[in-house]
Chemist: 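Dropping a structure here in structure tokens format, bear with me for questions.
Naming convention: chains lettered A, B, ... in sequence-line order (proteins, then strands); numbering from 1 in each chain.
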Number of protein chains: 2
Amino acid sequence: MATPTAVRQINEARALARLANQGPMSRADLARDLGLTRSTASSIVASLLEAGSVLETNEPDPDRANKTGRPAIFLRLNPDHAVFLGAELGARCVRLCALDFRGEMRELRERHVEISSPEPTVMVQMLAEMVDDFVASLTDRSVVRGMNVSVPGVVNLAGEVLRAPPLGWKHVPLKDMLSDRLAPLPVMTLMNDADAFAAAALEIHGGRSLRDAVLMLMEDGVGGCILSDGQILKGSQGFAGEIGHMPIGGTGFCNITGIDGAFENYTARRAILARFREQGGEADRLGDFLTRLQNGDTVALAVVQEWAAYLGKGMALLTTLLNPTSIILGGRVSLLFPYGQSECLASLQRRLLPETTLPSIELSKIGPEGTAIGAALMLHNETFALP
Amino acid sequence: MATPTAVRQINEARALARLANQGPMSRADLARDLGLTRSTASSIVASLLEAGSVLETNEPDPDRANKTGRPAIFLRLNPDHAVFLGAELGARCVRLCALDFRGEMRELRERHVEISSPEPTVMVQMLAEMVDDFVASLTDRSVVRGMNVSVPGVVNLAGEVLRAPPLGWKHVPLKDMLSDRLAPLPVMTLMNDADAFAAAALEIHGGRSLRDAVLMLMEDGVGGCILSDGQILKGSQGFAGEIGHMPIGGTGFCNITGIDGAFENYTARRAILARFREQGGEADRLGDFLTRLQNGDTVALAVVQEWAAYLGKGMALLTTLLNPTSIILGGRVSLLFPYGQSECLASLQRRLLPETTLPSIELSKIGPEGTAIGAALMLHNETFALP
DNA sequence: ATATGTTTGTTTGGCAACCAAACAAACTAT
DNA sequence: ATAGTTTGTTTGGTTGCCAAACAAACATAT
């Protein structure tokens, strides 16, 4: 609602956000940054100190050369004030990540999945045991704020996995299953793995200043996440951003999802390998293909050129519709990009109006653990957003 | 900032928005709706009455059957408190629309453009004269809040027309030109015609409850507007939503923008007519083509089927990326839709995952004047949005 | 006709949050 | 030592909201 106490809530949130983004600072700094008086800032800081979310430091001002006046008392976030969990349920392994109140990683655990197409109940049990173990290691388990969970597939807003081909799942009410098993620990959001990965990648590639971007997570399939004005595009049911399923014409090099000519049927791992074999090449895994590339295999190079051309076509579609500042490539298949960069850019550019400035195309600097980290980061970022 | 007076600002805005959306109501109604006490509501209403944005009505409660208690004093927006202008600069005519404070249309004026590829200065002068005329007819010209202007082309966030093929314009600093000529009347936003049309169409097709939708404005080219979570997608430079320029493969039936296989090269007016002539048909204008269709011309029917298939392909792309609840078709070419509906839906559906629920496809109920109305509506809606 | 009940709108007193200004504290520079 | 500067606190005043009491304007029952 709109009440005087709401003003205080907002100002406390703004103060916390400043401390999170800009590191330790004094009450007077906060007052200047937030446009409040020092007295008000003091009052707000008093509340935060009492709540335990902020601490006074004894460390002296690092650059207090030529500074007159009374020295400031620096304030910083209390790292132990909260823990945010993020998890990834993948076909090969289950990962659990824990961030502290500052967003620093505290823990990253991983368990391999032995069977293919594991039952949902088995995966829930695996993750739940990892969570139980971690929580048991905490001195105060009440600081755990909750957990976000990602799966490689299509998830609706109600927390149901509609389809997750790598896991062989269809119509699994995963959020409810996890909530029941892990109660009272709240399972906050069930999300697509690409969205989670994007949260981690974006944190590195510009953070909050990056407001319009597209991320592609290229593995067995191609996942996507569209960032528009700083927000992840969800769509009416939560299915937006399924870049891999875009129909871009033709029939594709393989058929992953059942949609003829879907983007991922040209650009995902299986598509590359299928095309390479079709041309007489031999490679069972992406690593094999990469080795051939590095050795200058002409067939492999030709296949990469094709791959890059289709990648550029998809990028042209995204650029036309969304006008992003950057397109960020993640996942193992993105390692092919340096070999096809010029072809990709040419393919992209000839499909755009000359007036359009090209988006910058960047390779994500984060590895496979990014998905679990991103899931946790989204929880962290939410608590520092304005109410 | 976040100050106690900000609370009052927000609550006044909320009260105005309620009165705008739900019509006349009492102070007590407002208090209940906004979650405030009657005393606070009274205080807010007193401010609004003094500002002149709200009036007390003498009209009795329309359905005061079986109602006990003291009768309410109904409040309503003062229609004369403000005027919002919207303009359309088109290749065939210039339109000016004026809305009152309630959003009701007060005036819609139109002047034909005789020359093709008119100079920007000529168009600015035409519009400025129309605005001057209208403002002169007002008893109090200080109520004019400003004007939004739309052009058929690509506009950046700084208010420059980068290209407007129907007008033959490139790199015109139109917003500054208009601001200079019309000062002190503020020219607020320069926008794409599809965005303006979308504002008017959305008002009819669900209003604020429609939060994820795509609008196609199909005329000589195909313009687009993407609504995501209630907001128009702008992109980093304001170029997002250029649906007509999406490269969907192939070479197209004609080449409007210079992009091979762009969506509008299959689906815009010129594409339809070019394809029809290529197949031996004769039609110079869309009206001719429609007549043939109504008479059961088999060539025309076949061409519409092709058109519909490509339309469906574009819709599949949009649905995959954006997951909208509706796709709204506007512009004269959308009149073809009934003849190709089943083909379009089939083309759409076979390119989507079976889990996806199809967006509802609707024909816009608004005519060519929608663009000017929408431009004004966007100004109106902004003033009723929360600060 | 009178009394009772209900709903509206206003008034009064109190609380929370902010600001402005004065003040005390803790330092640097001369 | 003294003056100057910056920090953090205290005090008094304003604004906006709420809770509760009250007055006004009706309908209905007796």
Chemist: Atom CG of B/Leu75 and atom P of C/dT8: how far apart are they, to the nearest Å?
Modeler: 13 Å
Chemist: Please state how far atom CZ in B/Phe74 lies from atom C1' in C/dT8, giving the value in whole angstrom units.
Modeler: 11 Å
Chemist: Which nucleotide in the list D/dG8, C/dG9, D/dC26 gets nearest to the side chain of A/Ile73?
Modeler: D/dG8
Chemist: Is there a donor in the side chain of B/Ser179 and an acceptor in the side chain of B/Asp176, or the other way round, less than 3.5 Å apart?
Modeler: no
Chemist: Just the rounded figure in Å: distance from C1' of C/dA17 to CG of A/Leu34.
Modeler: 15 Å
Chemist: What is the separation between atom CE on A/Met25 and atom C1' on D/dT6, rounded to the nearest whole Å?
Modeler: 16 Å
Chemist: Could you check whether any side-chain N or O of A/Ser228 sits under 3.5 Å from a backbone N or O of A/Gln231, counting only pairs where one atom can act as donor and the other as acceptor?
Modeler: no
Chemist: How long is the line joining CG of A/Leu30 and C1' of D/dG8, in whole Å?
Modeler: 13 Å
Chemist: Taking only N/O atoms, report every protein-nucleotides 16-21 of chain D pair under 3.5 Å with atom names and distance.
Modeler:
{"residue": "D/dC17", "atom": "OP1", "partner": "B/Asn11", "partner atom": "ND2", "Å": "2.6"}
{"residue": "D/dC17", "atom": "OP2", "partner": "B/Arg8", "partner atom": "NE", "Å": "3.1"}
{"residue": "D/dC17", "atom": "OP2", "partner": "B/Arg8", "partner atom": "NH2", "Å": "2.8"}
{"residue": "D/dC18", "atom": "OP2", "partner": "B/Thr37", "partner atom": "N", "Å": "3.2"}
{"residue": "D/dC18", "atom": "OP2", "partner": "B/Thr37", "partner atom": "OG1", "Å": "3.4"}
{"residue": "D/dC18", "atom": "OP2", "partner": "B/Thr40", "partner atom": "OG1", "Å": "2.8"}
{"residue": "D/dA19", "atom": "N6", "partner": "B/Ser39", "partner atom": "OG", "Å": "3.3"}

Chemist: When you measure from the side chain of A/Asp33 to the backbone of A/Leu30, do you find a donor-acceptor pair of N or O atoms at a distance under 3.5 Å?
Modeler: no
Chemist: For C/dG9, does either OP1 or OP2 sit under 4.0 Å from a side-chain N or O belonging to B/Ser42?
Modeler: no
Chemist: Under the criterion side-chain contact (heavy atoms from CB on, under 4.5 Å), I'd like the reasoning laid out for A/Arg106 against A/Phe101: C-alpha separation, chi angles, the key distance, then a yes or no.
Modeler: CA-CA 10 Å; A/Arg106 276 293 173 85; A/Phe101 194 58; over 6 Å; no
Chemist: Report the distance from atom CG of A/Leu48 to atom P of D/dG8, rounded to the nearest whole Å.
Modeler: 14 Å
Chemist: Give a yes or no on whether the backbone of A/Asn323 and the side-chain of B/Ser236 come within a donor-acceptor separation of less than 3.5 Å.
Modeler: yes
Chemist: Has the side chain of A/Ser47 got a donor or acceptor atom that lies under 3.5 Å from a matching backbone atom of A/Ser43?
Modeler: yes
Chemist: Within the pair A/Arg32 and D/dT7, is there a side-chain N or O less than 4.0 Å away from OP1 or OP2?
Modeler: yes
Chemist: At what distance, to the nearest 0.5 angstrom, does CD of B/Glu160 lie from CD of B/Gln237?
Modeler: 11.5 Å
Chemist: Return yes if the base of D/dT7 and the side-chain atoms of A/Arg70 contain a donor-acceptor N/O pair under 3.5 Å, otherwise no.
Modeler: yes
Chemist: Could you state the atom-to-atom distance from CG of A/Leu49 to C1' of D/dG8 in whole Å?
Modeler: 13 Å
Chemist: Among the candidates D/dT6, D/dA25, C/dG9, find the nucleotide nearest to the side-chain atoms of B/Ser26.
Modeler: C/dG9
